[in-house]
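Atoms within each ligand, like the ligands themselves, are counted from 1 in listed order. The basis for the numbers below is simple: all heavy atoms, side chains too, and nothing from hydrogens, waters or symmetry mates.
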Amino acid sequence: MLDHPAAPTSPPEAHLAPSALAHNYHPLDVVIAAGEGSWVIDTRGRRFLDCLAGYSALNFGHRHPALVAAAKAQLDRITLTSRAFDHELLVPFAEAVTRLTGTEMLLPMNTGAEAVETAVKAARKWGYEVKGVPDGEATIVVAEGAFHGRTTTMISMSSDPEARGGFGPYTPGFRVVPYGDVDAVAAAVDETTVAVLVEPVQGESGVIVPPADYLPALRNLCTAADALLVLDEIQSGLGRTGTTLAQDLAGVRGDLITLGKALGGGILPVSAVVGRRDVLSVLTPGTHGSTFGGNSLACAVGLAVVDLLEPGDLQARAATLGVELRERVDDLVSRGLLAAGRTVGLWAGLDVEPGLGVSGRATCERLVSRGILVKETHGTTIRLAPPLTISSDDLHLALDTLTEVLREEAAEARR
Ligand SMILES: *Cc1c(COP(=O)(O)O)cnc(C)c1O
């Protein structure tokens, strides 16, 4: 029985009521008032276990004490200088993040989309100045199903009609090929190609994990073709996959890597491009920048984020909990309660069983009504991305509740 319309066709009546807020989201029916760790509380006093964690912006949970302390201390010193002047945390922040990620140089921005924009600009300029691509002819190979943000250039790479439709004209210079297909990338690369830009795991698309040889093959291909490998780790990075970066699982390093979401500790937007010094060095004074990028408060929080990740315990925890998550997901698939389930680290994309006549949205609504915050993506997929700090008991509570909801839906479908 379908008791709710499939997302995103028709938002409920309440969302159509006149409101000062633009309707570019269709949130689940919870008004959150406070949060701590993996739990939030709504304005009606109900408690919810947060299994979305701000699309991985909250990898350390809500209001992690070390992150809040770093932010509060910085609020009492200085918050913003603009890049017209240096401040004492800028170089330490760059050093900390490059050390953590095994890279050489960092350029700070704010949102994820801006970090990918920065990588695109650096790759193009590198292509013209270093590789010798004729001016205005640079191409970048990108993947179907990718999500890199919402700016006009980011959606120009998108194959999602919802994200793209109605926003043209589009930025030229992108060649879109199927994700996970090395031969398709090889066929799309030519002498104008300055970069291959992909997510090591596609997040928005529903936690799509490519074949194990995909990233190593792209690495070799890019090196051979004198093109940059640009890896968007904004959602996959910073512990989610059980490693510091998702690309660590494949043992590769991108020439440029974009970071965001968890880099701001769930407190403020902090993003960056890290990577090769010779590539980022094409961006010289006046050619690129950001008023807020690398501000003092962002650097203070970002440094505290690196402090949390540097010992490696959280990555190990994500890997260990990830094994428990995978076992439970495999079990749900083998019992026919899910059509498919993909996991990597503490991250899962669960495809609801169309035979049960349920939508991802309806399943999420049932989960939310039972105290588990989750959100569907692309209609039929439920993404689980709890904080890396979640307890094993809480993770199993979420999975027990999910199992109950799926069994209930299966029972209703049989009636
Ligand atoms: C979320 C996301 C972005 C965009 O980040 P914003 O901060 O929303 O601009 C870019 N790339 C990936 C892989 C993402 O998941």
Q. Does a side-chain N-to-carboxylate-O contact under 4.0 Å join Asp351 and Arg342?
A. yes
Q. Considering only the protein, which heavy-atom contact is closest to atom 6 (P) of ligand 1, and what is its distance?
A. Gly112 N, 3.4 Å
Q.
Exactly one of Val194, Val133, Thr193 should register a side-chain contact (heavy atoms from CB on, under 4.5 Å) with Thr139. Which one does?
A. Thr193
Q) When you measure from the side chain of Ser391 to the backbone N and O of Asp394, does any donor-acceptor pair fall under 3.5 Å? A) yes
Q. Using 4.0 Å as the upper bound for N to carboxylate O, is an ion pair formed by Glu404 and Arg366?
A. no
Q) Nearest non-hydrogen atom to atom 10 (C) of ligand 1 belongs to which of Glu233, His148, Met109? A) His148
Q.
Do Arg150 and Phe147 make a side-chain contact, defined as non-hydrogen atoms from C-beta onward lying under 4.5 Å apart?
A. yes
Q: Give the residue and atom name of whichever protein heavy atom lies nearest to atom 2 (C) of ligand 1, and the separation in Å to one decimal.
A: Lys261 NZ, 2.5 Å
**Q.** Subset of ligand 1 atoms that lie under 4.0 Å from at least one heavy atom of Asp232
**A.** 10 (C), 11 (N), 12 (C), 13 (C)
(Q) So for Phe147, does at least one of its heavy atoms come nearer than 4.0 angstrom to any atom of ligand 1? (A) yes
(Q) Below 4.0 Å from ligand 1: does a non-hydrogen atom of Glu204 turn up there or not? (A) no
**Q.** Donor-acceptor contact present, side-chain Arg219 to main-chain Gly251, <3.5 Å
**A.** no
Q. Taking distance alone, with no angle check, do Glu199 and ligand 1 share an N/O pair under 3.5 Å?
A. no
Q. Which residue and non-hydrogen atom of the protein lie closest to atom 9 (O) of ligand 1, and at what distance in Å?
A. Ala113 N, 2.8 Å
